[in-house]
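Working notes, beginning with the structure itself.
The sequence lines fix the lettering, A, B, ..., with proteins before strands; numbering per chain opens at 1. Here the structure is a predicted model, which means the values were calculated and not measured.
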Number of protein chains: 2
Amino acid sequence: MSAQDAALPTPRSLARAETERLILKAAEDVFAEYGFKGATTGKIADRAGIPKANLHYYFSTKESLYRQVVENIFQIWLDAANTFDDCDDPEEALTRYISAKMDISRQHPMGSKVWANEILHKAPVIQDYLETTLGDWTDTRIAVIKRWIAEGRMAPIDPRSLLYMIWATTQHYADFNHQIHTLNHGAPLSDAQFETAKATVVAIILAGVGIRPAGLGKQKNGSGA
Amino acid sequence: MSAQDAALPTPRSLARAETERLILKAAEDVFAEYGFKGATTGKIADRAGIPKANLHYYFSTKESLYRQVVENIFQIWLDAANTFDDCDDPEEALTRYISAKMDISRQHPMGSKVWANEILHKAPVIQDYLETTLGDWTDTRIAVIKRWIAEGRMAPIDPRSLLYMIWATTQHYADFNHQIHTLNHGAPLSDAQFETAKATVVAIILAGVGIRPAGLGKQKNGSGA
DNA sequence: CGTCTTCTTGACCGTTTGGTCAGGTTTCGT
DNA sequence: ACGAAACCTGACCAAACGGTCAAGAAGACG
């Protein structure tokens, strides 16, 4: 029970980390659903199952809690961004990157919504990330795409517009999932429907930039459900 | 009920219409920037240049004002949607539709942001529009695309995923324009840059669904950035 | 000019919200 | 066991908000 505790976190700090994780999860959900202003510390505390005053013991202000949530999302996004660099083949790099971003939209829709909200409202909290980290990442990836084009491995499209298209499409499945659910007769996309969407996005992009011929993907064609 | 009474607006009713238009424009901007909760009737009144109490004389509640703004946007969106049906050639129909939606994003970014905010927060105000008008429009357009595919005029991609891709990409230029500006070194896209983006989106989509060969569009020739 | 309607506005009110605080309870090293 | 430190919480507060109201100002009409 206590043999290996010596070098490990104490039960106290473990409990603290667990409570913080609980609050952050609740905060992510509430901020995503109501926006920064619409979210109240009371609602977040309720969803976390603790009194409001206790929430303020762990996060002194609503804004610091929000910042923490946004930074977590950005980290997840950055991890996925690295899948772009895992290989130098445009077909595999784009396929992996699109797939990774689609998976994030499926598994972290709330985080994506918080991010969208932040940008929509002129990024009052994470403007510096946009200018530094995101700007640098974009510039280097554009250089890679330009090289692929120069090497004749892709059609000569505008790289920046391509990146925006990938971001927009993949995040759409998180940010607008309420609209997608509604148009799907009120039900969330099934796994099969989502895989169809993912394959279609990959197929259109790859064919669109001349890497693969059009319409040859794994077209099962069935919308299922 | 003499018909001429309604056809001849008095100076009084003209002034009224003008004031309402002023308030609606201010409301669109403020709702777009701060969201429904973040927007305050005081801010809207300030931007319209009138006292808050006067705003409430024209729009009794914040919610009725918001509803009016959202319905105006939806109407603009519907008008553009009809460009899809102007002809039966997939190349021209898709080109026109994408161009129309891109132009809306450029000319009505605030309206698009209000719409995005509404969907993001589960469409508390316009859920019925989603289920009826938008649902019907989507279904009929999917049928058209399926016919084009059956006739061999398009690659067999999933039509719904294609529509979502078009919506996502075109609206991205409005909803995320702050991010786009930031990545453009703080400046809005120039007309030339925007035309490049529009042409790239059209080229990738058309090549992606097998209508045009990849990379043959008007990329980077006439309109240098 | 008189009166009726429409419009304008500063002052005000009840409610909600982010955040505080004092006092209590649990945990932990010694 | 015991005191200190960490944790928990009901009650509270000042600020901000949506909306109201009464008292007027400005046209419209005869």
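For A:N72, there are no side chain to side chain donor-acceptor pair (under 3.5 Å) partners, not counting sequence neighbours. With sequence neighbours left out, A:D191 forms a salt bridge (Lys or Arg N to Asp or Glu O under 4.0 Å) with A:R106. Shown here are the side chain to side chain donor-acceptor pair (under 3.5 Å) partners of A:R47, two or more places apart in sequence or in another chain: there are none. In this structure, the side chain to side chain contact (heavy atoms under 4.5 Å, CB included) partners of B:S99, at least two apart in sequence or on a different chain, are B:T95, B:K198, B:V202. With sequence neighbours left out, B:R67 forms a side chain to side chain donor-acceptor pair (under 3.5 Å) with no residue at all.
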Sort me out a list of protein N/O and nucleotides 15-19 of chain D N/O pairs below 3.5 Å, or just none if empty.
| unit_1 | atom_1 | unit_2 | atom_2 | d |
| --- | --- | --- | --- | --- |
| D:dG18 | OP1 | B:A39 | O | 3.3 |
| D:dG18 | OP1 | B:T41 | N | 3.4 |
| D:dG18 | OP1 | B:K62 | NZ | 3.0 |
| D:dG18 | OP2 | B:T41 | N | 2.9 |
| D:dG18 | OP2 | B:T41 | OG1 | 3.0 |
| D:dG18 | N7 | B:K52 | NZ | 3.0 |
| D:dG19 | OP2 | B:K62 | N | 2.6 |
| D:dG19 | N7 | B:K52 | NZ | 3.3 |
| D:dG19 | O6 | B:K52 | NZ | 2.7 |

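Taking atom CG of B:N54 as the reference point, atom P of C:dC7 lies 10 Å away to the nearest angstrom. Look at CG on A:L55: it is 14 Å from C1' on C:dT20, rounded to the nearest Å. Taking atom CD1 on A:I50 and atom P on D:dC7, their separation rounds to 13 Å, with Å as the unit. Following rounding to the nearest Å, A:F59 (CZ) and C:dT17 (C1') show an atom-to-atom distance of 19 Å.
Here side chain to side chain donor-acceptor pair (under 3.5 Å) pairs that include residues 113-137 of chain B, with residues two or more places apart or in two chains, are A:H178-B:Q127, A:T182-B:Q127, B:Y66-B:E118, B:E71-B:Y129, B:K113-B:N177, B:N117-B:H121, B:Q127-B:E131.
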Donor-acceptor pairs under 3.5 angstrom involving side-chain atoms of residues 77-84 of chain A: please list them, not counting sequence neighbours.
| unit_1 | atom_1 | unit_2 | atom_2 | d |
| --- | --- | --- | --- | --- |
| A:D79 | OD1 | A:Q75 | NE2 | 3.4 |
| A:T83 | OG1 | A:A80 | O | 2.6 |

Between side-chain atoms of residues 49-59 of chain B and protein atoms elsewhere (two or more places apart, or another chain), which donor-acceptor pairs fall under 3.5 Å?
| unit_1 | atom_1 | unit_2 | atom_2 | d |
| --- | --- | --- | --- | --- |
| B:H56 | ND1 | B:K52 | O | 3.4 |

Would you mind writing out the side-chain donor-acceptor pairs for residues 29-44 of chain A within the sub-3.5 Å range, not counting sequence neighbours?
| unit_1 | atom_1 | unit_2 | atom_2 | d |
| --- | --- | --- | --- | --- |
| A:D29 | OD1 | A:K25 | NZ | 3.0 |
| A:D29 | OD2 | A:K25 | NZ | 3.4 |
| A:T40 | OG1 | A:K43 | N | 3.0 |
| A:K43 | NZ | A:G38 | O | 3.3 |

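Regarding contacts with the backbone of C:dT6, every side-chain N or O of B:R16 stays at 4.0 angstrom or more from both OP1 and OP2. A sub-4.0 Å separation between OP1 or OP2 of C:dC7 and a side-chain N or O of B:Y57 is present.
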- Message: If you apply the rule side chain to side chain donor-acceptor pair (under 3.5 Å), what do you find for B:T196 with A:D158, and how did you get there?
- Response: CA-CA 7 Å; B:T196 297; A:D158 176 51; over 6 Å; no
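Listed by residue number, the members of residues 20-30 of chain B with any heavy atom below 4.0 angstrom from DNA chain C form an empty set.
Summary for the helix from C:dC1-D:dG30 to C:dT30-D:dA1: the axes at its two ends, each from 5 pairs, differ by 10° when rounded to the nearest 10 degrees.
When heavy atoms are screened at a 4.0 angstrom cut-off, B:Y58 is found touching the sugar-phosphate backbone but no base atom.
A donor-acceptor pair is defined here as one N or O able to donate and one able to accept, closer than 3.5 Å; such a pair exists between the side chain of B:S64 and the backbone of B:T61.
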